[in-house]
Amino acid sequence: AEDMEFRLRTGEVVDDTIYPMAPHMASEDSRFNTFGPWPSTSPVRPRELAQAGLFYLGESDQVQCFCCGRMLKGWEAGDTAWGEHSKHYPYCFFILGHDVGNLPSQGGSEG
Ligand SMILES: [Zn+2]
């Protein structure tokens with residue numbers, strides 16, 4: 001965390017005014033609803049992906065982040081949505097915890 005704060009202060013991270021890249025997917029429920037045809041063989045579950053800011057593009061197992069707009073695919077056993085997102089795109093403002101307009105699920109039933 002300290003290293004990240006240093007990077008932010010030095011301006012290495014781009015301005016967050018252009019985020020989120022996909023504002024229509026700022027709602028977790030909207031993201032979750034894109035996973036209808038999600039492959040059942042995938043080791044990562046739709047709810048977990050939606051909570052990590054990701055929505056389904058309807059092709060293979062490729063998902064996109066509503067905030068940074070980056071893509072992730074090729075999910076393997078042991079992967080976690082948040083873990084892969086933060087590993088590949090550590091400067092995503094959603095990953096960094098910035099207020100990018102994310103709306104958590106209103107369902108509140110999952111655990
Ligand atoms: Zn992201």
Side-chain angles (χ1 to χ4, degrees):
E2 290 172 23
D3 180 57
M4 194 63 69
E5 287 169 13
F6 172 78
R7 289 171 188 275
L8 284 169
R9 280 198 299 273
T10 57
E12 189 173 319
V13 178
V14 295
D15 191 345
D16 66 351
T17 53
I18 63 167
Y19 294 95
M21 297 293 283
H24 63 295
M25 285 294 159
S27 157
E28 182 185 320
D29 284 332
S30 293
R31 295 194 295 272
F32 182 72
N33 288 338
T34 64
F35 285 93
W38 183 247
S40 59
T41 53
S42 176
V44 190
R45 306 319 308 152
R47 178 58 73 185
E48 181 188 341
L49 291 157
Q51 286 175 338
L54 305 166
F55 59 95
Y56 187 36
L57 296 167
E59 197 173 310
S60 182
D61 64 349
Q62 182 165 278
V63 297
Q64 184 172 12
C65 172
F66 85 98
C67 178
C68 64
R70 309 296 180 132
M71 314 247 189
L72 289 166
K73 64 178 180 179
W75 298 92
E76 298 170 343
D79 286 349
T80 63
W82 190 270
E84 291 300 296
H85 192 172
S86 60
K87 182 172 93 180
H88 291 283
Y89 308 117
Y91 304 135
C92 169
F93 280 93
F94 182 66
I95 290 294
L96 292 173
H98 290 222
D99 180 7
V100 291
N102 180 55
L103 297 171
S105 173
Q106 300 302 303
S109 57
E110 75 283 345

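Predicted model only: the values in this text are computed from it and were never measured. Computation of the quantities below employed the complete heavy-atom set of this structure, encompassing side-chain atoms and omitting hydrogens, waters and symmetry-equivalent molecules.
Taking the side chain as every heavy atom from C-beta outward, Trp38 and Phe32 never approach each other to under 4.5 Å. For the pair Leu72 and Lys87, the minimum side-chain heavy-atom distance is 4.5 Å or more. Taking the side chain as every heavy atom from C-beta outward, Tyr56 and Pro39 approach each other to under 4.5 Å. Residues Glu84 and Val44 form no side-chain contact, since every pair of their non-hydrogen atoms from C-beta on lies 4.5 Å or further apart. Inter-residue side-chain proximity for Tyr19 and Cys68 is flagged as met; some heavy-atom pair is nearer than 4.5 Å.
Using modelled atom types, no side-chain atom of Arg31 and backbone atom of Phe55 make a donor-acceptor pair closer than 3.5 Å. The backbone N or O of Met71 sits less than 3.5 Å from a side-chain atom of Tyr89, completing a donor-acceptor pair. One N or O on the side chain of Glu28 and one on the backbone of Ser105 form a donor-acceptor pair closer than 3.5 Å. Looking only at distances, a side-chain donor or acceptor of Asp61 sits under 3.5 Å from a matching main-chain atom of Gly74.
Separation of atoms CZ (Arg45) and OG1 (Thr80) is listed at 14.5 Å; rounding is to 0.5 Å. For the atom pair CD of Gln51 and CH2 of Trp82, the computed distance is 10.0 Å after rounding to the nearest 0.5 Å. Taking SG of Cys92 as the start and NE2 of His85 as the end, the distance is 3.5 Å to the nearest 0.5 Å. In this structure, CZ in Phe35 is found 6.5 Å from CG in Leu54, a value given to the nearest 0.5 Å. Note: Met21 CE to Gln64 CD = 8.0 Å, rounded to the nearest 0.5 Å. Distance check: Ser27 OG to Asn33 CG gives 8.0 Å after rounding to the nearest 0.5 Å.
Met25 and Val63 are members of different hydrophobic clusters when ILVMFWY side chains are connected at heavy-atom separations under 4.5 Å. Hydrophobic clustering places Phe66 together with Leu57 (ILVMFWY residues linked when any side-chain heavy atoms are closer than 4.5 Å, directly or through intermediates).
When all heavy atoms of Ser86 and Gly83 are compared, the closest pair comes out as OG-O, 3.2 Å. Pairing each heavy atom of Ile95 with each of Pro90, the nearest pair is CG2-O, 4.1 Å.
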Show the numbers, then the answer: is there a side-chain contact (heavy atoms from CB on, under 4.5 Å) between Cys67 and His98?
CA-CA 10 Å; Cys67 178; His98 290 222; over 6 Å; no
